[in-house]
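One is the number of the first residue; the rest follow in order along the sequence.
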Amino acid sequence: MKYEIAIPSFKRPNELREKTLKLLETHNIDRSLIKIFLRDEEELKSYNYIAPNYNYVLTGCKSICEVRNHLKYYYYEECTDVDYVLYIDDDIDDIYEYVNPKLARPIQNLEKFIIEAFTITDKENLSLWGIAGLTNPFFMKDSYSKSLKYIMGGFSGEVIRRDRDMILCDFDHFEDVQFSCEYFLRDGGVIRFQNIGLKTVYFGNGGINE
């Protein structure tokens, strides 16, 4: 399965290096699978200094809404050899997996989960999948749902279906809420894995706060 990891980032080169990229390196994710989306050449200078030898794409976008829509256009119309895309924010500390109602631990094999998530979504003939926004095992389950649930933009995957209408967002915040609803209406469901959770600090410096 050929997939790519798309990381939009803004004014967070150090956070990107020490969090999301470190997480991916820890799980031996091939660097060639990763693309980092930045606004302009000025941004690129600081990122290249902090995190060299990565694939960077300049978007010219000035808002989160523009960035999210740019990613849709990019993978639907430009990068047409890629059908599976994992969107990750630039400040992810870790991904946790459910063990039992009292224990969630850092995920043991991130790439295995990513591939399984795309495989299940493909099998269900759906497009958008995501994970829980918490790591409290009391609220996690060893299952996935197809009903209308919030798919958090910070870590979500998409099976690119070019035979269906492209879905774009209208908001500079809560755009992932809109995507959750729009994909559910278009496809008849969205996948959320209740056994996988996200560890991050929401609304940190840089990013959407800028």
Side-chain angles (χ1 to χ4, degrees), residues 1-38 43-44 46-57 64 67-68 71 74-75 82 84-99 103-121 128-137 139-140 142 144 150-159 176 179 191-210:
M1 174 183 290
K2 181 178 181 180
Y3 72 93
E4 282 194 356
I5 297 174
I7 309 174
S9 187
F10 183 59
K11 294 189 177 181
R12 282 179 174 168
N14 289 297
E15 288 85 348
L16 174 66
R17 170 68 268 168
E18 295 303 317
K19 293 189 176 186
T20 300
L21 293 182
K22 186 176 181 180
L23 170 65
L24 297 175
E25 287 177 0
T26 298
H27 287 273
N28 299 310
I29 303 295
D30 192 327
R31 188 174 293 196
S32 66
L33 300 176
I34 302 169
K35 285 182 180 174
I36 302 167
F37 292 78
L38 304 176
E43 280 270 289
L44 181 60
S46 60
Y47 279 78
N48 253 331
Y49 178 75
I50 299 294
N53 303 317
Y54 279 92
N55 296 315
Y56 290 96
V57 178
I64 187 64
V67 171
R68 298 296 190 197
L71 291 174
Y74 181 82
Y75 283 106
V82 176
Y84 304 92
V85 184
L86 175 63
Y87 306 108
I88 309 182
D89 280 357
D90 53 10
D91 59 348
I92 305 303
D93 291 304
D94 211 341
I95 305 297
Y96 274 64
E97 61 185 0
Y98 172 87
V99 177
L103 176 63
R105 68 185 179 191
I107 194 167
Q108 302 295 291
N109 190 329
L110 179 59
E111 184 161 53
K112 179 183 178 183
F113 165 69
I114 293 169
I115 293 172
E116 287 177 349
F118 281 122
T119 301
I120 290 171
T121 304
L128 185 66
W129 64 262
I131 62 176
L134 46 77
T135 58
N136 186 335
F139 296 102
M140 301 169 76
D142 191 13
Y144 68 86
Y150 170 52
I151 305 300
M152 181 178 46
F155 191 97
S156 64
E158 181 178 6
V159 179
D176 48 6
F179 280 134
I191 300 283
R192 194 170 80 177
F193 294 93
Q194 316 287 23
N195 61 327
I196 304 295
L198 177 69
K199 182 181 178 183
T200 187
V201 177
Y202 294 99
F203 304 108
N205 294 330
I208 196 169
N209 289 331
E210 293 291 336

Atom of [X], atom of [Y] and distance for their closest heavy-atom approach:
X    : Y    : answer
Y84  : K2   : CD1-O, 3.4 Å
I92  : G154 : CD1-O, 3.9 Å
S9   : L38  : O-CD2, 3.6 Å
T135 : A104 : O-CB, 3.6 Å
L71  : P8   : CD1-CG, 4.3 Å

Rounded distance [0.5 Å steps], [atom1] in [X] versus [atom2] in [Y]:
X    : Y    : atom1 : atom2 : result
D94  : R105 : CG    : CZ    : 12.0 Å
I131 : S156 : CD1   : OG    : 9.0 Å
I5   : T20  : CD1   : OG1   : 10.0 Å
L128 : R192 : CG    : CZ    : 11.5 Å
R17  : Y54  : CZ    : OH    : 4.5 Å
L198 : Y96  : CG    : OH    : 11.0 Å

Run the side chain to side chain contact (heavy atoms under 4.5 Å, CB included) test against I120 and tell me which residues pass, sequence neighbours left out.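 E124, Y144, F193.
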For S46, what residues pass the side chain to side chain contact (heavy atoms under 4.5 Å, CB included) criterion, not counting sequence neighbours?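 Partners of S46 by the side chain to side chain contact (heavy atoms under 4.5 Å, CB included) criterion, ordered by chain and then number, come out as P13.
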Step-by-step side chain to side chain contact (heavy atoms under 4.5 Å, CB included) determination, N109 to H27: CA-CA 7 Å; N109 190 329; H27 287 273; 5.6 Å; no
Any side-chain heavy-atom pair of [X] and [Y] under 4.5 Å:
X    : Y    : value
I151 : F179 : no
F113 : E97  : no
D90  : E15  : no

Which one of R12, K11, K19 satisfies the salt bridge (Lys or Arg N to Asp or Glu O under 4.0 Å) criterion with D91?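 When salt bridge (Lys or Arg N to Asp or Glu O under 4.0 Å) is applied between D91 and each of R12, K11, K19, only R12 qualifies.
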For L110, which of I95, N28, I196 qualifies under side-chain contact (heavy atoms from CB on, under 4.5 Å)?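 Running side-chain contact (heavy atoms from CB on, under 4.5 Å) over I95, N28, I196 with L110 returns exactly one hit, I95.
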Qualifying residues under side chain to side chain donor-acceptor pair (under 3.5 Å), relative to Y150, sequence neighbours excluded: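 Partners of Y150 by the side chain to side chain donor-acceptor pair (under 3.5 Å) criterion, ordered by chain and then number, come out as D176.
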Listed by chain and number, what are the side chain to side chain donor-acceptor pair (under 3.5 Å) partners of Y87, not counting sequence neighbours?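 Partners of Y87 by the side chain to side chain donor-acceptor pair (under 3.5 Å) criterion, ordered by chain and then number, come out as E158.
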Counterpart residues, ring-ring contact (aromatic ring centres under 6.0 Å, His included), relative to Y47 (two or more places apart):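 In terms of ring-ring contact (aromatic ring centres under 6.0 Å, His included), with neighbours along the sequence ignored, Y47 is linked to no residue.
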Answer yes when D89 and K199 have at least one side-chain N-carboxylate O distance shorter than 4.0 Å, and no when they do not.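 So D89 does not pair with K199 through a salt bridge.
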Side-chain donor-acceptor pairs under 3.5 Å in residues 30-37, sequence neighbours left out?
{"from": "D30", "atom 1": "OD1", "to": "S32", "atom 2": "N", "distance (Å)": "2.9"}
{"from": "D30", "atom 1": "OD1", "to": "S32", "atom 2": "OG", "distance (Å)": "2.9"}
{"from": "D30", "atom 1": "OD2", "to": "S32", "atom 2": "OG", "distance (Å)": "3.4"}
{"from": "R31", "atom 1": "NH1", "to": "P52", "atom 2": "O", "distance (Å)": "3.4"}
{"from": "R31", "atom 1": "NH2", "to": "E25", "atom 2": "OE2", "distance (Å)": "3.4"}
{"from": "K35", "atom 1": "NZ", "to": "E4", "atom 2": "OE1", "distance (Å)": "3.4"}
{"from": "K35", "atom 1": "NZ", "to": "Y74", "atom 2": "OH", "distance (Å)": "2.6"}

Backbone of L16 reached by a side-chain donor or acceptor of E18 within 3.5 Å: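 Such a contact is absent between E18 side chain and L16 backbone.
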Might you work through the side chain to side chain contact (heavy atoms under 4.5 Å, CB included) test for L23 and I88, ending with a clear yes or no? CA-CA 11 Å; L23 170 65; I88 309 182; over 6 Å; no
